[in-house]
Amino acid sequence: MSKDLVPFWEKSYQEYDTIAFSNKPNTTITEFEHLINNRSKILEVGCGEGQNAIYLAGKGYLVDAFDLSEHGIAKLKHRCKLSNTQVNAFVADLTTYQFEQNYDMIICFGTLHFVAKNEWKRFINNAKKYTNIGGIHIIQIFTDTVPASEDIAPFAIGLAKDEEMKELYTDWEILQFKSYVFEDEHPNVPKHLHASNKIVARRIN
């Protein structure tokens, strides 16, 4: 991959009057957050500009959030100030991230396919070890059911096979699994399709 290639979201992260993805949290979070208590510790991996992390922090959860993008983290911190919320946000690379504590919920949306498959599998296995019994994972990853769209193709080096994520959670309780194709668009990016898998799983022992 050329070092000159820059994903579209980096530009959006630098524009504080623009939202790259959404102002609202992912609907799967609001659907399953009742399974944890309001002092639960949550980690968001690949948090971007922070819509999920800020929502959860605003509900009283203790939230750590990291992203590879320095601009994304800076924008998240700016948005925290505007909303008077507290998120422990920091720059980190999921391929080298070292867990230092356990979590009650770990969430990751639209991020894992941007690293090599062996790297995201290693990360998931580590994340499982640092999840409390009864803890929840909500993980969404793009698959190769449809080709990667032009806007992400140079970066999507770890697309999953359909249902491949399920194989990593055979020892957990799978609360929900969805395989779907959806239409998407972003600022200055035409409408396009993504194939996705989303899993919600709970550690049972």
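For the numbers below, each heavy atom of this structure counts, side chains included, while hydrogens, waters and symmetry mates do not.
- Using modelled atom types, no side-chain atom of His113 and backbone atom of Ala156 make a donor-acceptor pair closer than 3.5 Å.
- Between the side chain of Thr111 and the backbone N or O of Cys108, no donor-acceptor pair lies under 3.5 Å.
- A donor-acceptor contact shorter than 3.5 Å is absent between the side chain of Asn132 and the backbone of Gly135.
- Each of Asn88, Asp64, Ile107 was evaluated against Leu43; a single residue qualifies, Asp64, per the side chain to side chain contact (heavy atoms under 4.5 Å, CB included) test.
- At distances below 3.5 Å, not a single donor-acceptor pair connects side-chain atoms of Gln140 with backbone N or O atoms of Lys198.
- Remark: the backbone N or O of Ile141 is not paired with any side-chain donor or acceptor of Asn197 at under 3.5 angstrom.
- Looking at residues two or more places apart in sequence or on another chain, you find a ring-ring contact (aromatic ring centres under 6.0 Å, His included) between His137 and Tyr169, Trp172.
- Using a cutoff of 4.0 Å between basic side-chain nitrogens and carboxylate oxygens, Asp171 and Lys128 are scored as salt-bridged.
- Side-chain contact between Glu49 and Arg79 is present, with heavy atoms from C-beta onward closer than 4.5 Å.
- In this structure, the side chains of Phe109 and Ile29 come closer than 4.5 Å at one or more pairs of heavy atoms.
- In this structure, the ring-ring contact (aromatic ring centres under 6.0 Å, His included) partners of Phe90, at least two apart in sequence or on a different chain, are Phe66.
- Between Glu164 and Lys117 there is a salt bridge, with a side-chain nitrogen of the basic residue lying less than 4.0 Å from a carboxylate oxygen of the acidic one.
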